[in-house]
Each structure stands twice: as structure tokens, then as C-alpha cells.
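One structure is given below, encoded as C-alpha cells.
Here the structure is a predicted model, which means the values were calculated and not measured. Order of the sequence lines sets the chain letters (A, B, ...), proteins ahead of strands, with each chain counted from 1. Atom set for the values below is all heavy atoms of this structure, side chains included, hydrogens, waters and symmetry mates excluded.
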Number of protein chains: 2
Amino acid sequence: MEFPPGTRLSEGEIATRYDVSRQPVREALISLSRIGLVQVLPQRGTIVTRISTRHMMQVRIAREALESAIVQRACERFDGVIRGSIDAILETQARAACEGDYMTITAADSQFHAALATGADCEMIWQMVLDVKAHMDRVRHLTLQDRDSMRILVEQHRAIVDAIDQRDPEKAEHAMRHHLMEILRDLPRVLAERADYFE
Amino acid sequence: MEFPPGTRLSEGEIATRYDVSRQPVREALISLSRIGLVQVLPQRGTIVTRISTRHMMQVRIAREALESAIVQRACERFDGVIRGSIDAILETQARAACEGDYMTITAADSQFHAALATGADCEMIWQMVLDVKAHMDRVRHLTLQDRDSMRILVEQHRAIVDAIDQRDPEKAEHAMRHHLMEILRDLPRVLAERADYFE
DNA sequence: TAGTATGGACTTGTATGGTAGATCAAGAGG
DNA sequence: CCTCTTGATCTACCATACAAGTCCATACTA
């Protein structure tokens, strides 16, 4: 969101800005365009993709599908060491939620979901989730500001871990789907407040 | 599979081979490395990724999760025009199966799955599926040779469409999962026959 | 003989000049 | 007043040249 949706980018501009040549910038933009965060218009320019509700719906469904599969697998087998590290992550996140520390809470969020995937031996799937997560993070960046939202987040994480500890796949899947459903609450609000970010 | 797993690639070689400069080749390889089909070793070289059973397992799970979500959504709403085109695709595929026409059958397979996604308004999800499908297609390329396998494929496609026509999400999901499970039968055989393609 | 430099032949990574295509504004012609 | 043309000025795209790291065969040394 440092470059808001709709921003026109130029390989040359970014190159001079970061004091590198155009080529590595171009390669980075190609990677970003594969994810869908930017849109390269041949011979015309590059723009930061605007948020589309239709796109967000599909992105959410995809993430829900993938992360549901992850927690289901987590109920079958889960690495003990990683299970231990999750408690620390949640504690950090809970503390950050009390203090309203946005940076820490989002970093811990990534760590949490990544730990779930790694513990369930689903690192490749996590790589896919990362791509769709990038889109959802843009919306969340605009919403996750009040401490109530943060507290809810931590509670939902706890519910997911509890279900995995109980080796209850259905409960875990439900908790995960519920967790990822959260964005649906915020989306209309963001659309109303920042219509210029949407297409 | 024109460049078998394990093949050492060189930006320069490919560039002269296709009579372009190194830069577009390099950008293509970067895209392929994002999908995981090639592995770029900085300052050392680029190799076509070997097939890993662990990776294939996760890839299969991911695709199953995504395409299950697609057919479930397809049971809720499905575009009528696209529904019509599917019959033609399946007919083409059935004919190709009788003749043992590998090229046509795989092309129709892609069209079928893509049509499902498009009809269910899940084109973004289909883009994700394409990436994982590339990995599975490498294995299938080694297995889908006998006509029995081809006939099974078409029947499974029909079962999926039938379930969607009946608006039965559970049946559709089951049919899709069963269909994507097929690769598990072939994987051990391929591993035994072409161990050099695996890591 | 074993171990260690060393130079050359690779590799990917980066920088830069030039090209083709797209856009837009100003001006000519109807 | 509208339509079309033209040219300047953007852009991404491509080709080329250079830099830096890796590997390996060879030669040299203890």
C-alpha cells in the first residue's frame, strides 16, 4: 500500500528511485504481475492493480480451500517442535493486540499461518497461499486498525490451534473458514471509504 | 518434458536456440522458477526441476482443494452457454480416447477443467490451478498412454458434469476428488520406470 | 604423491543504448 | 465545429556489453 492501487508505475522511475538499473526492476514487476498485484500494459505502462470485489471473492475462496486442506492435514500429523513455537507466536500476537501494535500483529499473523503449513508438511501449499494472501493483506491493511478486530483475530487463531490439538478435522476446518470469512465483514466498509482503490 | 527433469539449461544456449536475446529468455525462466518448473541457481546455472513425490503430494492436495471449491461453486451457479460447450469438449475427448490421440485428449482435458472454472465464475482460481497442473501434467505425460486410462478419464469427467447438473455439491466434490486421485495410481509406476526424473 | 594455487571457461546478474508501439496534443483540412 | 493527420513524448521491450561469482582442469609446490 506504499504504492496505492491505481498508481502508475514506471520501470525507469523506480529504477532511479532505488538506484538500480531498469532490468532488475522490470523482472520484479513481472513477478508482481504474475501474482496480480501490478498490471503491465505492453508499451503503455504499469499500474498497481486496483482492488476488485469479484477478484477478492475468488481469492478468499481459494485461500479458504487451501488453508482448510492444510489444517485438515494438520489434524492427521503435526510437527511437535513447530507446535511448541506456535504458542510463542500467539503470545506475542496477544500482547501486540493489547497494545494495538499493527506491525507486530501482522508479522505474527504471517508466522502463525506459515507455522501451520510447515507443521503440517505443506510448505509448497503455503507458497501458493502467500500469493493470494498478498491481495487480502491489502484490504486488511485498511481495516485492521482497531483493537477489537485484533483481539478477535487472536481468538480465532486460538480456536484453530485448539481444534488441531484435539485432532478434530471438521472443527479445525470450520474454525479456519470462519477466520478467513472475517474479510467479508470489512470489504464493504473499505469499498465505501476508499472507492478510489477499487475498480 | 521436451527438456526432461534434471536437464541443465543455460540462458545463453536457449537464447541462441530460439534466436532471441538472453533477456526475454531470462524473464521466462524467472516465471518458470516461480511456478517451480525450473530452479535458478545464482551464478551457477538453471536446471529443470526434478519431480519429487513429496512435492507432487502437496501439489495434488492443493489442486484437489481448489478444484473442489470450483465444482462446489459450480453447483450453486453455472453459466448456461459454457455448460453447452462442455458437451462438445467431452465428445471430442471421447472420440480422441477411442483413437488413442494423446494430444487431443490432453488439450480437451485442459479445456474441460478451464470451462468448469469459467462457468462457475472462478477464472482467478483457474489461474492458480494452472500452475499446479503444470507439475501434474509432467507425470501424466509419462502415464497417459494406454486407451484404458483415457477412457477412465472421460468417464470421470462425465461423472463430474452429471453431479453439477444435479446441483449436488457433495457428489460433485467427491467426483472431482476421485478424478484428481488418479495420479496416485500412476506415480509409483513412473517413479520405478523413470527414477532419473525424480530427485 | 597429496595438497594447493591459478587461470580460463563457464554461469547468472546488472547496466545501458536503441527500437517499436501507444498516447495525446496541436494544427490542417473539410 | 468536427475529423483526421502528424509529430513529440511517453512507455515497455529487446539486444548488447560488462561485471561478478562458480567450477574445473592444469600446473606448481611441499
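Annotation: proximity of residues 23-38 of chain B to DNA chain C (heavy atom, distance under 4.0 Å) is found for B:Gln23, B:Arg26, numbered in ascending order.
Shown here are the side chain to side chain donor-acceptor pair (under 3.5 Å) partners of B:His174, two or more places apart in sequence or in another chain: there are none. The side chain to side chain donor-acceptor pair (under 3.5 Å) search around B:Ser21 returns none, not counting sequence neighbours. Taking A:Glu173 as the reference, A:Gln72, A:Arg177 meet the side chain to side chain donor-acceptor pair (under 3.5 Å) condition, with sequence neighbours excluded.
Protein chain B contacts DNA chain C over a range whose 5' and 3' limits, counting nucleotides with an atom under 4.0 angstrom from a non-hydrogen atom, are C:dT11 to C:dA15.
For residues 154-163 of chain B, the set of pairs meeting the salt bridge (Lys or Arg N to Asp or Glu O under 4.0 Å) definition, not counting sequence neighbours, is empty.
Judged by distance alone, the side chain of A:Thr49 and the main-chain N or O of A:Gly36 form a donor-acceptor pair under 3.5 Å. Not a single donor-acceptor pair under 3.5 Å links the side chain of B:Arg77 to the backbone N or O of B:Ala74.
Per the geometry, CD belonging to A:Gln43 stands 12 Å off P belonging to D:dT11, to the nearest Å. Between the CG atom of B:Leu41 and the C1' atom of D:dC23 there is a distance of 13 Å, given to the nearest Å.
Across the interface with DNA chain C, nearest-nucleotide mapping of B:Thr46 and A:Arg44 shows B:Thr46 to be the residue nearer the 5′ end.
Taking side-chain N and O atoms only, A:Arg22 has no distance below 4.0 Å to OP1 or OP2 of D:dA12. The shortest distance between the side-chain N/O atoms of B:Ser21 and the OP1/OP2 oxygens of D:dA15 is below 4.0 Å.
Counting all heavy atoms, side chain and backbone alike, A:Ala108 lies closest to A:Ile89 at O-CG2, 3.5 Å.
Donor-acceptor pairing under 3.5 Å is lacking for the side chains of B:Thr106 and B:Asp109.
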